[in-house]
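Below you'll find the structure, written out as structure tokens, and then a few comments.
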Amino acid sequence: MAALVRPLARRQRGTGDVSDAFQTVWIGVGNGGCRTLTALAETLPDAPAMLAVHARPSSPPPPPNVRELRLFCGPGGVGTGGDPEVGRRAAIAAVDDLRAALAGRHMAVLLAGLGGGTASGAAPAIAALAREQGAFVLAFATLPFFFEGARRRQVAAAALADLLRHCDATVVFPNERICEWIPDGTPVERAFLTVDHMVGASLRTLWKLFSSPSLIHLDFADLRDLAAGSSAPLAMASAEASGVDRDRAVVAELATSPLFDHGALLRSASGVLVGIAGGPDLTLAEVQRVSAAVRDLAPSGARLHVGVTTDPMAEGRLGLTLLLAGPATPAPETAERPAQSVAAPIRSEPAPTGPGRRPVQGTLNLDAENRSKRRFSGVAPTIVDGEDLDVPAFVRRGIRLSQPPAAE
Amino acid sequence: MADFHIAALDIGTARARAVIADQLDDGSLIARGIADVASDGLEKSLIVDFPVACDVVRNAIAAAEDDAQLKISDVYLVLSHPDVRPAVQTGTVHITNPSGEVTEADIDAAAEAARQARLPPDRTVIHSIAQDFSVDGHEGILDPRGMSGNVLRHRMLILHGDTTALDNRVRCAASAQVNVLDSAFGGLCAALAALSPAQKAAGAVVIDLGAGSTSFVVYANRSLVHAGSLGIGGNHLTNDLAWGLRLSFRQAEQLKLEYGSALPRARDEHRSVSLEADGAFPARMVRLSDAHAILHARMDELLRWVRSQVDAVGALHRIGGGLVLTGGGARLDSADKLAGRLFNAPCVVGRPAGIAGLSGEAAGPAFASVCGMLRYAAMQQPGPPRRRGWRRWFDRLLGANGEPVT
């Protein structure tokens with residue numbers, strides 16, 4: 001049970017907040033999602049609450065810090081049989097348990113391997129429920145391998161469209177692209193393990209950037225801002241290197257990453273979240289070079305959010321994680337498939353926020369920036385590295401206040 | 001006894017400060033008149049309203065004269081400038097002495113060659129500071145006298161600023177019917193007041209946080225190796241608060257001074273404070289966590305800028321003498337803690353040392369640069385004969401060979 005009773009209102013996380021004030025729950029949905037969650041549960045620093053939602057017990061039972069919720073799909077403990085509708089109904093049947101797990105959470109992170117019945121049906125439903133409870137919903141979804149067949153791909157595509165509508169941000173890992181890293185002759189089991197490992201590594205990095213005391217902090221609002229720029233799902237990849245030129249090595253690796261369509265996604269991104277993780281030996285010059293290199297690769301209008309975190313254990317290593325928003329969509333599609341939506345029945349009201357649907361709070365237009373300079377607007381601006389430092393630092397860093405400046 | 005008195009003036013963006021000190025025969029200084037008056041007519045350490053700024057200077061000098069019970073005719077001027085930049089120049093000479101021995105004349109000639117700064121016409125040299133020498137390619141020589149070789153190279157650090165702005169600053173001071181005898185960069189003055197010789201030897205950074213601009217100087221191996229300034233200061237902290245929390249500038253200033261912190265404070269996380277109404281701005285309750293987040297963002301950014309400057313000359317890991325914060329901004333709670341964390345070095349708030357008779361505000365970090373100016377002046381002024389002996393050494397150290405500023 002989620003013992004904490006907290007106001008359901010959406011909360012913003014400031015820079016200096018201690019992370020325990022921010023309640024997160026990680027939910028693995030379906031076989032693949034639970035597998036990733038299990039792998040994460042053992043390695044995630046100060047792990048948040050975790051919940052494994054599945055229709056059939058997964059082969060390695062999850063560790064004790066992961067709670068389980070078994071969905072009832074039919075008599076005799078059968079699974080969904082690959083039917084997302086069964087998965088969706090099972091999730092609705094378990095709505096009380098799910099609400100209890102989500103109560104008071106400021107953020108819900110969903111992990112799902114789309115294509116199967118549980119993940120494809122239940123994950124969008126859980127996302128909708130979490131949003132209804134006032135949480136920021138972030139989903140990590142893998143798409144099936146090509147060999148898994150056309151039907152699973154279709155199911156996954158429909159489920160992804162649902163997830164996109166119900167989550168504040170959705171990150172997609174197409175297994176097929178990951179495949180390009182896996183050498184020929186790799187056993188199927190190993191291939192799945194590789195995917196789990198990669199997704200897990202990316203999630204760990206991201207979690208560290210958002211939760212641990214970082215040098216340059218990233219905010220969940222940064223994520224939302226990123227996701228709002230495009231109606232397409234976000235793409236994510238990580239690289240790590242050590243030794244001299246490690247900064248160039250990580251950038252070079254990601255610039256051609258199959259997960260970014262060999263760099264094409266990066267060159268057309270509307271926004272990039274840059275997570276730099278290093279040891280105590282991480283230098284400012286490296287951070288500057290990495291962010292400058294990413295800035296050069298991305299289109300000139302792309303929004304960049306940079307976060308830096310260091311870990312004493314990561315001495316000598318430099319990790320770079322990029323989260324990309326697709327090309328900006330001028331007129332984002334609205335929910336045009338309400339009848340088909342698997343999660344619609346338990347949605348109480350349209351969510352106020354969502355990818356590609358509204359201007360982002362705190363993104364000030366040029367006029368507001370000029371006004372924010374107030375008394376300095378009459379003198380020459382103080383420009384450093386192309387940035388007008390007279391504009392309040394907290395505005396440029398995207399720090400949200402409990403009382404936002406725009407409203408009175 | 002006190003035949004000599006010296007006056008120093010610092011025309012800041014928020015406050016103008018003047019100190020008149022008696023110089024005793026043994027060279028020590030005793031403050032005799034102190035003035036700390038509200039300033040106006042400046043923005044970001046640049047004069048934007050010349051007549052108003054001249055009034056401020058007159059007020060400051062008159063207040064110091066009243067306090068000291070004497071009239072002054074000369075003044076030393078602190079140069080606060082938002083855009084002081086360093087340039088390293090090398091002067092090369094062929095050693096002329098037939099024995100091949102480096103002489104004083106060679107050193108002077110090399111220094112002079114290095115000082116021929118190739119600067120744009122709108123930039124003026126503020127200081128030229130001796131770095132090191134090389135003789136026939138052997139580098140890192142601190143004093144080449146008596147060595148032999150063919151070619152002597154002398155590296156100098158040139159600090160330069162905007163010609164018009166510096167000229168106007170001197171004119172503004174001179175408008176109060178005083179001679180400006182000499183002037184020095186504010187960051188350097190702060191270091192002279194607040195840095196011990198041991199710190200200079202071990203390597204140290206002084207950050208002078210003014211209302212309109214921030215200056216820094218970096219010492220390594222007893223000599224100044226890097227310096228600069230940026231037009232970001234305490235007024236930006238206030239402006240950020242005013243904009244972010246919808247306050248008047250006065251309300252924001254009060255919030256900053258009374259409750260400000262450069263780091264979030266756990267005990268203030270849910271605390272709100274009330275601010276009185278100010279004109280069109282109503283009385284307000286403000287969450288301290290918001291205020292601290294705003295102040296942190298600005299201070300963090302500013303200190304990171306200084307850190308990047310220090311890192312650019314490879315001095316970040318050579319500051320065994322630590323970090324010293326001066327200027328009014330150093331009074332912000334936890335500013336020293338934040339700086340210490342960012343630089344990973346011990347950090348203290350610097351107070352003017354070496355001048356007796358300072359108390360209250362005048363003994364605090366905000367008076368560091370004007371007091372440092374007095375110490376600089378005490379070393380410059382043709383005074384008691386004992387000083388002449390090491391004047392030359394000092395000049396070489398500072399490179400202040402009568403370089404006129406204007």
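Counting non-hydrogen atoms of neighbouring residues, nucleotides and ligands closer than 6.0 angstrom, the CZ atom of A:R295 reaches no more than 12 such neighbours. The 12-atom threshold is not exceeded at CG of B:N344, counting heavy atoms of other residues, nucleotides or ligands nearer than 6.0 Å. Around CZ of B:R171, the count of heavy atoms belonging to other residues, nucleotides or ligands within 6.0 Å does not exceed 12. Environment of CZ in B:R250: sparse, with no more than 12 heavy atoms of neighbouring residues, nucleotides or ligands closer than 6.0 Å. Atom CD of B:E276 is surrounded by 12 or fewer heavy atoms from other residues, nucleotides or ligands within 6.0 Å.
Once rounded to the nearest 0.5 Å, the distance linking NE2 of B:H236 with CG of A:D390 reads 3.5 Å. To the nearest 0.5 angstrom, B:E301 atom CD is 5.5 Å from A:R397 atom CZ.
Proximity of A:I399 to B:I294: side-chain heavy atoms (C-beta onward) are nowhere separated by under 4.5 Å. Residues B:W243 and A:V391 have side chains not in contact (no heavy-atom distance under 4.5 Å, counting atoms from C-beta outward). Residues B:L295 and A:F394 form no side-chain contact, since every pair of their non-hydrogen atoms from C-beta on lies 4.5 Å or further apart. Between B:L230 and A:L389 there is a side-chain heavy-atom pair separated by less than 4.5 Å.
Contact detail for A:F376 and B:N239: the closest heavy-atom pair is CE1-CB, 3.5 Å.
Using a 4.5 Å cut-off between heavy atoms, B:D83 does not touch chain A at all. For B:D300, the parts lying under 4.5 angstrom from a heavy atom of chain A are both the backbone and the side chain.
The closest donor-acceptor contact from the side chain of A:T382 to the backbone of B:G231 lies under 3.5 Å.
Between chain A and the residues B:V48, B:D311, B:N235, the most heavy-atom pairs under 4.5 angstrom are made by B:N235.
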